[in-house]
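Only a predicted model underlies this, so the values are computations on that prediction, with no experimental measurement involved. Computation of the quantities below employed the complete heavy-atom set of this structure, encompassing side-chain atoms and omitting hydrogens, waters and symmetry-equivalent molecules.
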Amino acid sequence: MSSILSKTSRREMLAATAAGGAALVVSAGFAETALAGGGATAIRPFHVHFPEADLVDLRHRVKATRWPERETVNDTTQGVRLATIQALARYWATEYDWRPCEAHLNSLPQFITEIDGLDIHFIHVRSKHPNALPVIITHGWPGSIIEQLKVIGPLTDPTAHGGTAADAFDVVIPSLPGHGFSGKPTAPGWDPIRIARAWSVLMPRLGYKRYIAQGGDWGNAVTEQMALQTPPGLVGIHTNMPATLPDDVSAALAVGGPAPADLSGPDERRAWDQLDTFWKHGLGYAQEMAGRPQTLYALVDSPVGLAAWMLDHDEKSYEMIARVFDGKTEGLSKQDVVDNITLYWLTNTGVSSARLYWESKLPFFAPKGVKLPTAVSAYPDEIYTAPRSWTEKAYPNLIYYNRLPVGGHFAAWEQPKIFTEELRAAFKPLHSA
């Protein structure tokens, strides 16, 4: 890619971390120590700057989009509506500015380290509070590290965000391989199982002997694999997109229904309805990326093609984003949405990120037999809202379950306050252990 991705000097690193407050100064000291070590396991400070020419080219490409005719229906049954994507494109080409997002990223301690032959990028913010509980948070697709930016402050500095010192976390947020600023695998094999092993190398490399893991979407797949691998130090996990589908539900979905006769109560029936809709109308993007990711050349040639592909992930997220570009106030802003898409564009990761679907052979929504202490937050606008009954069977060591009143697929991004409160409540016993 044509961006300039460089190591920061010692002076630059200290300046960047000092600007972020006391919690970041600690990380600056950590970074200097790591740099002195050198070698293949070195942890190198990371800075991002994309040349202005890249941003000019992006705006030109957006403005030059060749549009299709309007959909022939008055709903979303044919996909992302022309009015929505044109509103996004107008904002992207005429109002949007990438530089604030870039500056925000560079105000945080970012690093690169090589694990299993691949460069892994991550944000690492240590709390100023002693005895903070370390957590590694993994994003999904079509998300990125941008999903978690809003929760870094509340998690690491709880006393400034309605909590107590006992609620403090150290936060590690890696970019998945093939996503964002991490390396792009050049050979097969980087599936959630291998990524989980890499994360289990990263946390001890950062000096952590005891930590938890969190994730949704692919982040859940990776986090569950970490729990199954039981690396030393991992004491619990949290997921906002649990894998809980009973065998009979999975089998019924595979053949297009009907619903199993033994569904019990409104929560299980609602989950079935959500899943049935997704299987019949929302699964196409995942099937294409799982089957033919290399075919998606348009994702790296057309910014608007990339944006439309990313918007059409799940019905509720799309509806929320459509309302945003129709002028409504939602959990995400126009800037939020386009920051994330722009990161994919500038890093040229439309196809490399899609390959994770091809790599994974795991049954995405099926229970995996996780026995580690598990906390689950069930959001109403997720692809499906996991019922407590399914969740208790899927996670026999369930330490926390909560059904939230609002929120969807991008939990930390859409509802950072609720997400933060969920992690505090879920892991309060482990904080004091």
Supply the atom-to-atom distance [X] [atom1] to [Y] [atom2], rounded to the nearest 0.5 angstrom.
{"X": "Thr76", "Y": "His281", "atom1": "OG1", "atom2": "NE2", "value": "10.0 Å"}
{"X": "His47", "Y": "Asn106", "atom1": "NE2", "atom2": "CG", "value": "4.0 Å"}
{"X": "Leu283", "Y": "Phe364", "atom1": "CG", "atom2": "CZ", "value": "10.5 Å"}
{"X": "Met226", "Y": "Met203", "atom1": "CE", "atom2": "CE", "value": "7.0 Å"}
{"X": "Ser360", "Y": "Gln225", "atom1": "OG", "atom2": "CD", "value": "8.0 Å"}
{"X": "Thr65", "Y": "His60", "atom1": "OG1", "atom2": "NE2", "value": "10.0 Å"}

With a 4.5 Å heavy-atom cut-off, do [X] and [Y] have their side chains touching?
{"X": "Phe50", "Y": "Val48", "result": "yes"}
{"X": "Thr420", "Y": "His161", "result": "no"}
{"X": "Ser200", "Y": "Leu234", "result": "no"}
{"X": "Ile237", "Y": "Ile212", "result": "no"}
{"X": "Ile112", "Y": "Ile120", "result": "no"}

Using a strict threshold of under 4.0 Å (side-chain N to carboxylate O), is an ion pair present between [Y] and [X]?
{"X": "Asp116", "Y": "Arg197", "result": "no"}
{"X": "Asp326", "Y": "Lys328", "result": "yes"}
{"X": "Arg44", "Y": "Glu114", "result": "no"}
{"X": "Arg99", "Y": "Glu102", "result": "yes"}
{"X": "Lys361", "Y": "Asp191", "result": "no"}
{"X": "Arg270", "Y": "Glu382", "result": "no"}

Can you check whether [Y]'s main-chain N or O pairs, donor with acceptor, with [X]'s side chain at less than 3.5 Å?
{"X": "Ser302", "Y": "Ala298", "value": "no"}
{"X": "Glu147", "Y": "Phe410", "value": "no"}
{"X": "Glu422", "Y": "Ala375", "value": "no"}
{"X": "Lys368", "Y": "Ala366", "value": "yes"}
{"X": "Tyr96", "Y": "Ala89", "value": "no"}
{"X": "Arg323", "Y": "Thr329", "value": "no"}
{"X": "Lys184", "Y": "Asn348", "value": "yes"}
{"X": "Glu414", "Y": "Glu330", "value": "no"}

Can a side-chain donor-acceptor contact be found between [Y] and [X] if the only test is distance below 3.5 angstrom?
{"X": "His179", "Y": "Ser144", "answer": "no"}
{"X": "Tyr211", "Y": "Asp170", "answer": "no"}
{"X": "Arg126", "Y": "Thr156", "answer": "no"}

For atom NZ of Lys209, is the number of surrounding heavy atoms from other residues, nucleotides or ligands below 6.0 Å larger than 12?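 Result for NZ/Lys209: open.
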What do you reckon, is CZ of Arg292 surrounded by more than 12 foreign heavy atoms closer than 6.0 Å?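 Atom CZ in Arg292 is not crowded, with 12 or fewer foreign heavy atoms closer than 6.0 Å.
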Step by step, work out the side chain to side chain donor-acceptor pair (under 3.5 Å) result for Thr385 and Arg403. CA-CA 8 Å; Thr385 307; Arg403 190 180 178 98; 4.9 Å; no
Tell me if the aromatic rings of Tyr285 and His313 count as close, with their centers under 6.0 Å from one another.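 Here the rings of His313 and Tyr285 have centres that are less than 6.0 Å from each other.
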Centroid separation Trp218 to Tyr357 less than 6.0 Å: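 Between Trp218 and Tyr357, the centre distance is under 6.0 Å.
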For ring-ring contact (aromatic ring centres under 6.0 Å, His included), just list the numbers for Trp272 and Tyr384, CA-CA rounded to whole Å, side-chain angles, deciding distance to a tenth of an Å, and then say yes or no. CA-CA 8 Å; Trp272 165 265; Tyr384 82 103; over 10 Å; no
Report all side-chain donor-acceptor pairs from residues 130-141 shorter than 3.5 Å, counting only partners two or more places apart or in another chain.
residue	atom	partner	partner atom	Å
Thr138	OG1	Trp199	NE1	2.9
His139	NE2	Leu176	N	3.1

Does Arg355 make a cation-pi contact with Trp358, if we ask for NZ or CZ under 6.0 Å from the ring centre and within 45° of the axis?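 No, cation not above the ring by the 6.0 Å, 45° rule.
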Take Thr72 and Gln78, measure what side chain to side chain donor-acceptor pair (under 3.5 Å) needs, and give me the verdict at the end. CA-CA 8 Å; Thr72 60; Gln78 293 183 355; 2.7 Å; yes
Tell me the closest heavy-atom pair linking [X] and [Y], and the distance in Å.
{"X": "Leu296", "Y": "Ala354", "result": "CD1-CB, 4.3 Å"}
{"X": "Ser182", "Y": "Pro177", "result": "CB-CA, 4.1 Å"}
{"X": "Asn340", "Y": "Pro142", "result": "ND2-O, 2.7 Å"}
{"X": "Thr349", "Y": "Ser352", "result": "CA-OG, 3.3 Å"}
{"X": "Ala308", "Y": "Val80", "result": "O-CG2, 3.6 Å"}
{"X": "Val406", "Y": "Tyr379", "result": "O-CD2, 3.3 Å"}

Should Phe365 and Ile383 be marked as a side-chain contact (heavy atoms from CB on, under 4.5 Å) after you check the CA-CA gap, both sets of side-chain angles, and the distance that decides it? CA-CA 11 Å; Phe365 293 109; Ile383 289 175; 4.3 Å; yes
Please evaluate residues Thr223 and Gln214 with respect to the criterion side-chain contact (heavy atoms from CB on, under 4.5 Å), reporting the C-alpha separation (whole Å), side-chain torsions for both, the decisive distance (0.1 Å), and the verdict. CA-CA 6 Å; Thr223 298; Gln214 196 286 328; 5.6 Å; no
Option from Asn240, Asp381, Asp217 for which side-chain hydrogen bond (donor to acceptor under 3.5 Å, both in side chains) with His409 holds: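 Only one option passes, and that is Asp217.
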Applying the ring pair (Phe, Tyr, Trp, His ring centres under 6.0 Å) criterion to Phe122, which one of Phe181, Phe46, Phe111 satisfies it?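 Among Phe181, Phe46, Phe111, the one meeting ring pair (Phe, Tyr, Trp, His ring centres under 6.0 Å) with Phe122 is Phe111.
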Side chain to side chain donor-acceptor pair (under 3.5 Å) between Thr239 and Asn220: does it pass, once the steps are laid out? CA-CA 6 Å; Thr239 174; Asn220 175 67; 2.8 Å; yes
Start with the C-alpha gap between Tyr318 and Arg81, add the side-chain angles, then the distance that decides, and say whether side-chain contact (heavy atoms from CB on, under 4.5 Å) holds. CA-CA 10 Å; Tyr318 168 73; Arg81 302 192 70 176; 3.6 Å; yes
Quick one: salt bridge (charged side-chain N to carboxylate O under 4.0 Å, His left out) pairs with a partner in residues 337-351, sequence neighbours left out?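 The answer is none; no pair qualifies.
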Take Val235 and Phe427 through the side-chain contact (heavy atoms from CB on, under 4.5 Å) test and state the conclusion after the steps. CA-CA 10 Å; Val235 295; Phe427 292 112; over 6 Å; no
Please test Tyr401 against Tyr395 for ring-ring contact (aromatic ring centres under 6.0 Å, His included), starting from the C-alpha separation and ending with a verdict. CA-CA 11 Å; Tyr401 174 92; Tyr395 302 100; over 10 Å; no
